[in-house]
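So the structure is just underneath, and the comments pick up after that.
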Number of protein chains: 2
Amino acid sequence: MNELNEIYANFVVELRRGVSNLVVLSQCQQPTYGYQLVKNLAESGIPLEGNTVYPLLRRLEDQGLLRSDWDTSTDKPRKYYQITETGSQLLAQITSYWRDSVKNIESILEA
Amino acid sequence: MNELNEIYANFVVELRRGVSNLVVLSQCQQPTYGYQLVKNLAESGIPLEGNTVYPLLRRLEDQGLLRSDWDTSTDKPRKYYQITETGSQLLAQITSYWRDSVKNIESILEA
DNA sequence: ACATTATAGTGTATATCGCACAGTAATGCA
DNA sequence: TGCATTACTGTGCGATATACACTATAATGT
């Protein structure tokens with residue numbers, strides 16, 4: 001017997017999916033590293049775990065939307081990711097798509 | 001070029017994911033059938049195709065969030081889905097979650 | 001007579017997530 | 001001093017849900 005909480009949790013997972021692309025790209029307008037993202041996004045109410053963030057960053061880099069540089073100047077080496085020109089273009093597109101969707105969904109919910 | 005469009009399309013797919021649960025549950029506050037959902041949602045700017053909607057309706061029914069009745073009184077038999085009490089509770093929860101998320105994401109995008 | 005609409009469905013490949021786990025170096029604390 | 005926790009980056013696997021490409025049937029439009 002499926003418990004309601006389980007179903008709810010799964011809905012939340014699905015809702016968060018895709019949003020991660022959007023918020024990570026957005027955050028990488030400033031050079032950022034994975035662990036920082038995990039912390040910042042949790043504070044911002046969009047908790048993404050490391051096992052989600054690290055593969056995501058690599059995917060985005062593979063797609064040419066981010067680029068990365070290791071900073072080894074401190075004791076804790078950090079891999080900084082930063083958005084590319086291509087990434088910026090895509091970010092603008094999906095931000096626009098996102099806002100349109102939000103409006104559409106809100107009007108469905110209110111109807 | 002084509003590559004970017006593909007990436008964009010995939011982002012859109014991921015963003016739409018989960019939203020389908022929300023809008024379908026919401027629409028089923030009035031008894032509705034699959035084909036009508038496909039048409040209505042397309043008009044509302046949330047295009048979901050039959051191969052997405054029909055399995056989704058069945059899942060929601062399996063989870064006890066919707067129930068269905070065949071209407072065979074007309075020449076075209078239609079399977080009407082309607083939200084259950086449990087479904088209504090969950091809809092309220094995920095609607096609330098959705099609106100909170102939207103606020104959080106918007107504030108990340110603006111930062 | 002032929003195409004399109006209306007209506008419901010399936011099978012398979014693919015993408016991404018969560019959970020669990022691996023691994024190292026610094027820092028806090030008992 | 002010794003041990004736990006934090007900081008930091010990752011991997012492997014199973015589960016879920018989507019897109020794409022179909023199957024199927026009956027009515028309606030031209």
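To find a chain, count down the sequence lines: A is the first, B the second, and so on, and within it residues start at 1.
Donor-acceptor pairing under 3.5 Å, judged by distance alone, is present between the side chain of B:Arg17 and the base of D:dT16.
In this entry the distance linking CD of B:Glu49 with P of C:dT10 reads 17 Å, nearest Å. When the P atom of C:dA15 is taken as reference, atom CG of A:Asn21 falls 13 Å away, rounded to whole Å. Separating the NZ atom of A:Lys76 from the P atom of D:dA7 is a distance of 8 Å, rounded to the nearest angstrom. Rounded to whole Å, the distance from CG on B:Leu37 to C1' on C:dA6 is 14 Å. Whole-Å rounding puts the B:Leu48 CG to C:dG9 C1' distance at 17 Å. Here D:dT16 presents its P atom at 10 Å from CD of B:Gln63, a figure rounded to the nearest Å. A straight line from CG of B:Asn40 to P of C:dA6 spans 12 Å, rounded to a whole angstrom. The OH atom of A:Tyr81 sits 12 Å away from the C1' atom of D:dC8 (whole-angstrom rounding).
Phosphate proximity of C:dA6 to B:Arg78: absent, as no side-chain N or O sits under 4.0 Å from OP1 or OP2. Taking only side-chain nitrogens and oxygens, B:Thr52 never comes nearer than 4.0 Å to OP1 or OP2 of D:dA17. Between B:Ser20 and D:dT18 there is a side-chain N or O to OP1 or OP2 distance below 4.0 Å. Here B:Arg59 reaches the OP1 or OP2 of D:dA17: one of its side-chain N or O atoms lies under 4.0 Å away. A close approach under 4.0 Å does not occur between any side-chain nitrogen or oxygen of B:Tyr35 and OP1 or OP2 of C:dT5. Within the structure, a side-chain polar atom (N or O) of A:Asn10 is placed less than 4.0 Å from OP1 or OP2 of D:dA17. Between A:Arg16 and C:dG18 there is a side-chain polar atom (N or O) within less than 4.0 angstrom of OP1 or OP2. When the side-chain nitrogen and oxygen atoms of A:Lys79 are compared with OP1 and OP2 of D:dG10, one or more of them lie within a distance under 4.0 Å. Here A:Tyr54 reaches the OP1 or OP2 of D:dT9: one of its side-chain N or O atoms lies under 4.0 Å away.
Between A:Leu22 and B:Phe11 there is no side-chain heavy-atom pair separated by less than 4.5 Å. Using a 4.5 Å heavy-atom cutoff, the side chains of A:Thr72 and A:Pro77 are in contact.
Between A:Pro55 and A:Pro77, the residue whose closest nucleotide on DNA chain D is further toward the 5' end is A:Pro77. The nearest heavy atom of DNA chain D to B:Val13 and to A:Trp70 marks one nucleotide each, and the one closer to the 5' end goes with A:Trp70.
Residue contacts for A:Glu14: at a heavy-atom cut-off of 4.0 Å it reaches the sugar-phosphate backbone alone, with no base atom in range. Heavy atoms of B:Asp75 sit under 4.0 angstrom from primed sugar atoms or phosphate atoms, though from no base atom.
Closest approach of A:Leu57 to A:Cys28, counting heavy atoms only: CD2-SG, 4.3 Å.
With hydrogens and angles left out, the side-chain atoms of A:Ser68 and A:Glu61 include a donor and acceptor closer than 3.5 Å.
Minimum atom distance to the side chain of B:Lys39 is reached by C:dA6, of the listed C:dA6, D:dA21, D:dT11.
Residues B:Val19 and B:Tyr54 fall into different hydrophobic clusters, defined by Ile, Leu, Val, Met, Phe, Trp and Tyr side chains chained together at heavy-atom separations under 4.5 Å.
In this structure, OG1 on B:Thr32 lies 9.0 Å from CG on B:Leu66, to the nearest 0.5 angstrom.
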